[in-house]
Visitor: 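Before I ask anything, let me first share the structure, which is written out below as structure tokens.
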Amino acid sequence: MKGKSTYLTTGEIAKLFGLNKQTLFHYDDMGIFKPEILGDNGYRYYAYTQLETLAIILMLRELGVPIKKIKEQVEAHSPNLLIHLLETHSKAIKEKIARLNWSKTYIDKKIALTKEGISAPIGEISFQNMEDEYLITTDYLGKEALRDISVAIGDHFLRCQNLGLLSAYPDGAMIPVDSLTAQGYKYSKFYSTVKAEEIKNLDDKDVIHEVGGKFLIIYDDRGYDKVHENCMKLLDFAKKNNLKLGSCFYEDVLLDDLSTEGYNNYLIKLSIAVL
């Protein structure tokens with residue numbers, strides 16, 4: 001037998017992997033990771049060749065693989081069973097990464113929108129240069145009742161998920177200029193911004209590529225009550241300054257229930273392209 005100095009003790013293994021020694025004792029009792037040598041004094045000694053085995057066991061446990069399943073692999077000593085086990089969890093990892101990437105994209109966008117909302121000059125008309133964006137859109141032909149609009153937004157969100165657009169983040173709405181009357185306005189589409197690399201396999205009808213450039217904008221912190229009034233303000237400003245505008249307004253919520261006290265205090269940004 002090689003000298004004990006060529007092996008690692010339970011304490012050394014525990015320190016190396018950031019574990020409690022009790023975890024190693026438990027794995028030994030369960031039969032999934034046993035020491036190569038059990039000394040006369042009852043001490044456990046592990047070979048360096050066992051380090052990768054423990055690393056994989058810990059990885060599988062972190063992924064939620066039951067100890068019973070790991071024990072089946074250890075006892076079977078089957079390469080094919082190992083391949084099946086690892087391939088199954090490789091797929092799970094890939095799906096988890098996709099969800100985390102979506103969360104990261106969503107969080108970063110939410111931070112940017114919230115910062116913009118905090119510093120927004122309420123009620124002031126101004127110009128803003130915007131970068132190119134890809135929008136996934138859903139037509140809306142329903143009534144202007146809140147219930148109908150809410151259902152349609154939910155359907156739009158579900159559509160983005162079904163298309164596998166994991167980067168889709170906060171929804172907005174399009175208001176055609178020609179829908180404005182003295183009494184109100186109508187929505188024509190709901191949209192979400194997506195990454196360019198996600199739209200390669202989509203039909204053209206699924207995506208609108210919005211060319212960036214100069215936009216006329218106004219912010220308001222009184223929910224949707226002033227949307228119609230602010231649309232009219234932008235049109236009036238454009239007329240007085242001989243500006244040619246795009247065909248629709250973009251309505252985006254920057255501050256919602258997460259950062260304001262209720263629906264009537266949402267901070268909304270209205271924008272329209274200056275041609």
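Since the structure is predicted, the reported quantities are computational estimates derived from the model, not experimental observations.
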Visitor: Nearest 0.5 Å, what's the CG-CD1 distance between Asp178 and Ile175?
Guide: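 With rounding to 0.5 Å, CG (Asp178) is 12.0 Å from CD1 (Ile175).
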Visitor: Which heavy atom of Pro35 sits nearest a heavy atom of Tyr45, and at what distance?
Guide: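 Reported closest heavy-atom pair: CB-O, 3.4 Å.
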Visitor: Show me, pair by pair, the donor-acceptor contacts under 3.5 angstrom made by side chains of residues 51-64, not counting sequence neighbours?
Guide:
| residue | atom | partner | partner atom | Å |
| --- | --- | --- | --- | --- |
| Arg61 | NH1 | Val65 | O | 2.7 |

Visitor: Is there a path of hydrophobic side-chain contacts, each under 4.5 Å between heavy atoms of I/L/V/M/F/W/Y residues, joining Tyr27 to Tyr48?
Guide: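 Both belong to a single hydrophobic cluster.
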Visitor: Do the side chains of Asp236 and Lys240 get close enough for a salt bridge, i.e. N-O under 4.0 angstrom?
Guide: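 Result for this pair is yes, salt bridge flagged.
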Visitor: Roughly how far apart are Lys109 NZ and Thr114 OG1, rounded to 0.5 Å?
Guide: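 Reported value, rounded in 0.5 Å steps: 10.5 Å.
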Visitor: Looking at Asp220 and Ile268, would you say the former's side chain and the latter's main chain have a donor-acceptor pair under 3.5 Å?
Guide: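 Flag not set: sc Asp220 to bb Ile268 has no pair under 3.5 Å.
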Visitor: To the nearest 0.5 Å, what is the distance between CG on Asn162 and CG on Asp155?
Guide: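 Rounded to the nearest 0.5 Å, the CG-CG separation comes out at 10.5 Å.
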Visitor: Are Tyr219 and Glu116 linked by a side-chain donor-acceptor pair shorter than 3.5 Å?
Guide: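 Yes - a donor-acceptor pair under 3.5 Å links their side chains.
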Visitor: Can you check whether Leu19 reaches Leu24 side chain to side chain, under 4.5 Å on heavy atoms?
Guide: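 They are in contact (side-chain heavy atoms under 4.5 Å apart), so the answer is yes.
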Visitor: Kindly indicate, with the supporting measurements, whether the criterion side-chain contact (heavy atoms from CB on, under 4.5 Å) is fulfilled by Lys110 and Leu258.
Guide: CA-CA 10 Å; Lys110 193 66 174 178; Leu258 291 173; 4.0 Å; yes
Visitor: Does any non-hydrogen side-chain atom of Arg159 lie less than 4.5 Å from one of Ile136?
Guide: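 Answer yes - side chains close enough.
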Visitor: Go through the steps for Phe127 and Leu243 under the test side-chain contact (heavy atoms from CB on, under 4.5 Å), then give the verdict.
Guide: CA-CA 12 Å; Phe127 294 96; Leu243 300 175; 3.8 Å; yes
Visitor: Can you hop from Leu180 to Phe237 via hydrophobic side chains spaced under 4.5 Å?
Guide: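 Both belong to a single hydrophobic cluster.
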Visitor: For the residue pair Ala76 and Leu81, what are the closest heavy atoms and their distance?
Guide: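 Closest approach of Ala76 to Leu81: CB-CD2, 3.8 Å.
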Visitor: Side-chain contact test, heavy atoms from C-beta onward, threshold under 4.5 Å: evaluate it for Tyr224 versus Ile149 and give yes or no.
Guide: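 No, side chains not in contact.
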Visitor: Determine whether more than 12 heavy atoms belonging to other residues, nucleotides or ligands lie under 6.0 Å from atom OH of Tyr43.
Guide: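 No - once you tally the heavy atoms of other residues, nucleotides and ligands closer than 6.0 Å, there are 12 at most.
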Visitor: Quick check for you: to the nearest 0.5 Å, what is the distance between Ser78 atom OG and His84 atom NE2?
Guide: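 Here the interatomic distance stands at 10.5 Å.
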Visitor: Given the rule that I, L, V, M, F, W and Y join up when any side-chain heavy atoms are under 4.5 Å apart, are Ile125 and Met232 in one cluster?
Guide: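 Shared cluster, yes.
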Visitor: Among Asp252, Ile217, Val227, which residue satisfies the side chain to side chain contact (heavy atoms under 4.5 Å, CB included) criterion with Leu270?
Guide: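 The residue from Asp252, Ile217, Val227 that satisfies side chain to side chain contact (heavy atoms under 4.5 Å, CB included) with Leu270 turns out to be Val227.
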Visitor: Given the rule that I, L, V, M, F, W and Y join up when any side-chain heavy atoms are under 4.5 Å apart, are Ile67 and Phe17 in one cluster?
Guide: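 Shared cluster, yes.
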Visitor: Which one of Thr9, Asp28, Thr10 satisfies the side-chain hydrogen bond (donor to acceptor under 3.5 Å, both in side chains) criterion with Arg44?
Guide: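 Of Thr9, Asp28, Thr10, side-chain hydrogen bond (donor to acceptor under 3.5 Å, both in side chains) with Arg44 is met by Asp28 alone.
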Visitor: Does some side-chain heavy atom of Lys96 sit less than 4.5 Å from a side-chain heavy atom of Arg99?
Guide: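 In short, these two side chains touch, coming nearer than 4.5 Å.
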Visitor: Return yes when atom CD of Glu95 has more than 12 non-hydrogen atoms of other residues, nucleotides or ligands closer than 6.0 Å, and no otherwise.
Guide: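 Yes, CD of Glu95 has more than 12 neighbouring heavy atoms, counting only those of other groups under 6.0 Å.
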Visitor: Answer yes when Lys233 and Glu229 have at least one side-chain N-carboxylate O distance shorter than 4.0 Å, and no when they do not.
Guide: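 Here Lys233 pairs with Glu229 in a salt bridge, since their nearest N and O are under 4.0 Å apart.
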Visitor: With sequence neighbours excluded, what pairs up with Cys248 under the side chain to side chain contact (heavy atoms under 4.5 Å, CB included) test?
Guide: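 Once residues adjacent in sequence are excluded, the partners of Cys248 under the side chain to side chain contact (heavy atoms under 4.5 Å, CB included) criterion are Met174, Tyr250.
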Visitor: Would you say the side chain of Leu100 lies within less than 4.5 Å of the side chain of Lys104, judging by non-hydrogen atoms?
Guide: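 Lys104 vs Leu100: side chains apart.
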Visitor: May I ask you to test the Leu254-Leu113 pair for a side-chain heavy-atom distance under 4.5 Å?
Guide: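 Yes, close enough: below the 4.5 Å cut-off.
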Visitor: Of all heavy-atom pairs between Ala273 and Phe215, which one has the smallest distance, and what is that distance?
Guide: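 Reported closest heavy-atom pair: N-CD2, 3.3 Å.
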Visitor: Applying side-chain contact (heavy atoms from CB on, under 4.5 Å), run through Asp221 and Thr260 and close with a yes or a no.
Guide: CA-CA 9 Å; Asp221 59 0; Thr260 62; over 6 Å; no
Visitor: Would you call the rings of Tyr185 and Tyr187 parallel, tilted or perpendicular if under 30° counts as parallel and over 60° as perpendicular?
Guide: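 Aromatic pair Tyr185/Tyr187 classed perpendicular.
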Visitor: State, with a plain yes or no, whether a side-chain heavy atom of Ile70 is found less than 4.5 Å away from one of Phe33.
Guide: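 Of all side-chain heavy-atom pairs linking Phe33 with Ile70, none is under 4.5 Å.
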Visitor: Out of curiosity, His77 NE2 to Leu82 CG, how far, rounded to the nearest 0.5 Å?
Guide: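 His77 atom NE2 to Leu82 atom CG measures 12.0 Å (nearest 0.5 Å).
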Visitor: Rounded to the nearest 0.5 Å, what separates atom CG in Asn264 from atom CZ in Arg222?
Guide: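 The CZ atom of Arg222 is 11.5 Å from CG of Asn264, to the nearest 0.5 Å.
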Visitor: Is a side-chain donor or acceptor of Gln50 paired with a backbone partner of Lys34 at a separation under 3.5 angstrom?
Guide: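 Yes, because the side chain of Gln50 sits within donor-acceptor range (under 3.5 Å) of the backbone of Lys34.
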Visitor: Hey, quick one: are Ile107 and Leu255 part of the same hydrophobic cluster, counting side-chain heavy atoms closer than 4.5 Å, chains of contacts allowed?
Guide: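 No, it is not one cluster - the side chains of Ile107 and Leu255 are not joined through contacts under 4.5 Å.
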Visitor: Got Val274 and Leu245 here, is their nearest side-chain heavy-atom distance under 4.5 Å?
Guide: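 Yes, their side chains come closer than 4.5 Å.
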